[in-house]
There are 2 protein chains.
Amino acid sequence: MRYLNTYIEIKNRLSECGLKATHQRIVIYECLAKSFNHPTAENIYESIKPNNPSISLATVYKTLDTFVSAHLIHKVFSDDGIVRYDAYTHPHSHIYCINTKEIIDFEDENLNRLIQGYLKRKKIKNLKIKDIQLQILAEKVNIKEKVSIK
Amino acid sequence: MRYLNTYIEIKNRLSECGLKATHQRIVIYECLAKSFNHPTAENIYESIKPNNPSISLATVYKTLDTFVSAHLIHKVFSDDGIVRYDAYTHPHSHIYCINTKEIIDFEDENLNRLIQGYLKRKKIKNLKIKDIQLQILAEKVNIKEKVSIK
DNA sequence: TTCCTAAATGATAATTATTATTAACTAATA
DNA sequence: TATTAGTTAATAATAATTATCATTTAGGAA
């Protein structure tokens with residue numbers, strides 16, 4: 001499922017998860033859903049602060065943790081020791097730009113099928129595979145331009 | 001290159017990197033090289049403490065950081081907000097066991113070639129790919145047994 | 001609509017993980 | 001052996017996250 005778009009969708013999903021649909025939760029989720037740069041809790045806090053000065057950093061941490069437990073969002077793997085988040089829960093991979101520190105979403109159904117097929121043919125015992133993501137370590141050639149994948 | 005094995009090899013590699021081959025560095029590197037479970041700095045500190053009570057935690061952090069900068073070891077991607085390390089720098093992937101919290105090394109040259117070939121045929125602009133790793137999210141079926149991959 | 005209460009929040013303290021500082025130590029070169 | 005730039009230990013400081021608790025509130029029942 002892709003990230004939730006509207007207030008009603010978010011509200012409904014929260015209720016389905018047995019969670020109260022508070023204003024803070026809606027704001028935090030919307031902020032993350034609009035962010036494609038896999039922000040930290042602190043990033044989100046700074047982002048919502050101008051329009052929501054009373055939401056505390058502790059609330060942001062607590063709320064993100066609640067969302068992760070409810071599978072509304074995912075944590076992103078990183079190696080910098082800071083937890084980052086992703087509202088886009090549909091299976092996808094990430095491109096880690098070494099020089100710009102960006103983490104870019106990357107999605108390719110064909111490649112997924114290729115890898116899954118290969119792993120199925122491999123004899124792996126005592127393991128149940130849930131998800132496969134690629135970690136593509138790369139460098140942006142021109143820092144000012146966007147990465148383009150076709 | 002696989003992880004370094006002997007005192008002499010470690011000593012030589014440190015010198016090649018313009019680093020002094022101190023006792024602390026040798027001990028920390030050896031500890032990591034023997035660990036296949038991608039330990040944290042704290043894990044390594046606890047591990048070496050019995051035989052090296054005077055090596056401080058700050059030294060362990062500093063030394064690991066130095067090793068990473070010198071490409072002697074790598075950081076492992078994780079989503080728990082704690083930095084983990086890997087002495088095995090040869091390109092490989094990881095299996096993340098959701099239920100046991102283990103991170104298991106996984107290596108398959110054929111699969112690597114398959115993915116690299118696929119991505120080369122894909123039109124990716126403004127990006128220079130350096131390394132591709134799989135993040136396999138899985139569950140151990142029988143927690144007490146080992147995972148086996150053929 | 002009102003009442004009720006379990007869940008949620010804000011403020012802040014506490015904890016955990018990591019880095020900075022600085023005096024003292026030492027690896028390795030001359 | 002002497003020298004010194006690099007390294008370390010101890011500890012303070014910082015950064016990231018979680019715990020605590022009084023107060024607030026979403027949403028269901030009446």
Side-chain angles (χ1 to χ4, degrees), chain A residues 7-8 10-29 31-32 38-49 51-70 72-73 75-85 101, chain B residues 7-8 10-29 31-32 38-49 51-70 72-73 75-85 101:
Chain A
Y7 179 97
I8 296 300
I10 300 167
K11 204 174 187 302
N12 287 343
R13 274 305 304 269
L14 284 167
S15 299
E16 282 164 22
C17 295
L19 297 169
K20 290 185 174 180
T22 65
H23 168 73
Q24 292 89 335
R25 285 175 175 171
I26 308 275
V27 163
I28 290 164
Y29 184 87
C31 179
L32 183 60
H38 311 93
T40 66
E42 177 83 25
N43 294 154
I44 293 168
Y45 173 70
E46 292 302 330
S47 193
I48 64 176
K49 199 170 176 179
N51 290 337
N52 298 274
S54 66
I55 297 185
S56 77
L57 180 55
T59 295
V60 177
Y61 272 103
K62 185 69 175 167
T63 299
L64 290 169
D65 212 55
T66 299
F67 286 168
V68 168
S69 297
L72 288 168
I73 67 174
K75 288 181 185 178
V76 177
F77 285 79
S78 66
D79 69 351
D80 58 6
I82 310 175
V83 180
R84 294 174 177 280
Y85 300 89
K101 307 294 179 189
Chain B
Y7 180 95
I8 295 300
I10 300 167
K11 203 173 188 301
N12 288 343
R13 275 305 304 269
L14 284 166
S15 297
E16 282 164 22
C17 294
L19 298 169
K20 288 186 175 179
T22 66
H23 167 73
Q24 291 91 337
R25 284 175 174 171
I26 308 273
V27 162
I28 290 164
Y29 184 88
C31 179
L32 183 59
H38 313 90
T40 65
E42 178 83 23
N43 294 154
I44 293 169
Y45 173 70
E46 292 302 331
S47 194
I48 64 176
K49 198 170 173 178
N51 290 338
N52 298 274
S54 66
I55 296 184
S56 76
L57 180 55
T59 295
V60 176
Y61 272 103
K62 185 70 176 167
T63 299
L64 289 170
D65 212 56
T66 299
F67 287 169
V68 168
S69 297
L72 287 168
I73 68 175
K75 287 182 185 178
V76 176
F77 285 78
S78 67
D79 69 352
D80 59 5
I82 310 174
V83 181
R84 293 175 178 279
Y85 301 88
K101 306 296 180 188

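We name chains A, B, ... by the order of the sequence lines, and we start the count at 1 in each one.
Spacing between atom CD of B:E42 and atom P of D:dT17 amounts to 17 Å, rounded to whole angstrom units. One interatomic measurement links the two molecules: CG of B:D79 to P of D:dT17, which rounds to 12 Å at whole-angstrom precision. Atom CD1 of B:I48 and atom P of D:dT8 are 11 Å apart (whole Å). One can place CG of A:D80 at 9 Å from P of D:dA16, the figure rounded to the nearest angstrom. A straight line from CG of A:L64 to C1' of D:dT18 spans 13 Å, rounded to a whole angstrom. Between the CG atom of A:L19 and the P atom of D:dG28 there is a distance of 13 Å, rounded to whole Å. The nearest whole Å value for the distance from the CG atom in A:L57 to the C1' atom in C:dA13 is 14 Å. Counting to the nearest Å, the P atom of D:dT8 and the CD1 atom of B:I26 are 11 Å from each other.
Under 4.0 angstrom from either OP1 or OP2 of C:dT9 there lies no side-chain N or O belonging to A:T59. Side-chain N/O atoms of B:K11 include one lying less than 4.0 angstrom from OP1 or OP2 on C:dA28. Contact check, A:K62 against D:dA19: no side-chain N or O comes under 4.0 Å of OP1 or OP2. Between C:dA17 and B:T40, no contact under 4.0 Å exists linking OP1 or OP2 to a side-chain N or O. For C:dT9, one of the phosphate oxygens OP1 or OP2 lies less than 4.0 angstrom from a side-chain nitrogen or oxygen of A:T22. In terms of phosphate contacts, A:Y61 brings no side-chain nitrogen or oxygen within less than 4.0 Å of OP1 or OP2 of D:dT18. Contact annotation: A:Q24 side-chain N/O to C:dG10 OP1/OP2 distance is under 4.0 Å.
For the pair A:I26/A:L14, a side-chain contact is recorded, criterion being any heavy-atom separation below 4.5 Å from C-beta on. By the 4.5 Å heavy-atom criterion applied to side chains, A:F67 and A:L32 are not counted as neighbours. Side-chain contact between A:D80 and B:K75 is absent, with no heavy-atom pair separated by less than 4.5 Å.
With DNA chain C read from its 5' end, the first of the two nearest nucleotides for B:K75 and A:V60 is the one closest to A:V60. Where B:G81 and A:H23 meet DNA chain C, the nucleotide closest to each residue was compared, and A:H23 sits on the side nearer the 5' end.
Residue A:I82 has its side chain nearest to D:dA16 when only D:dT25, D:dA5, D:dA16 are considered. With D:dT17, C:dG10, C:dA8 as the candidates, the nucleotide lying closest to the side chain of A:I55 is C:dG10. Distance from the side chain of A:A58 is smallest to C:dA11 among C:dA8, C:dT26, C:dA11.
Within the 4.0 angstrom heavy-atom criterion, no nucleotide atom of any strand lies near B:A41. Residue contacts for A:S54: at a heavy-atom cut-off of 4.0 Å it reaches the sugar-phosphate backbone alone, with no base atom in range.
Side-chain atoms of A:S69 and A:T66 include no donor-acceptor pair closer than 3.5 Å.
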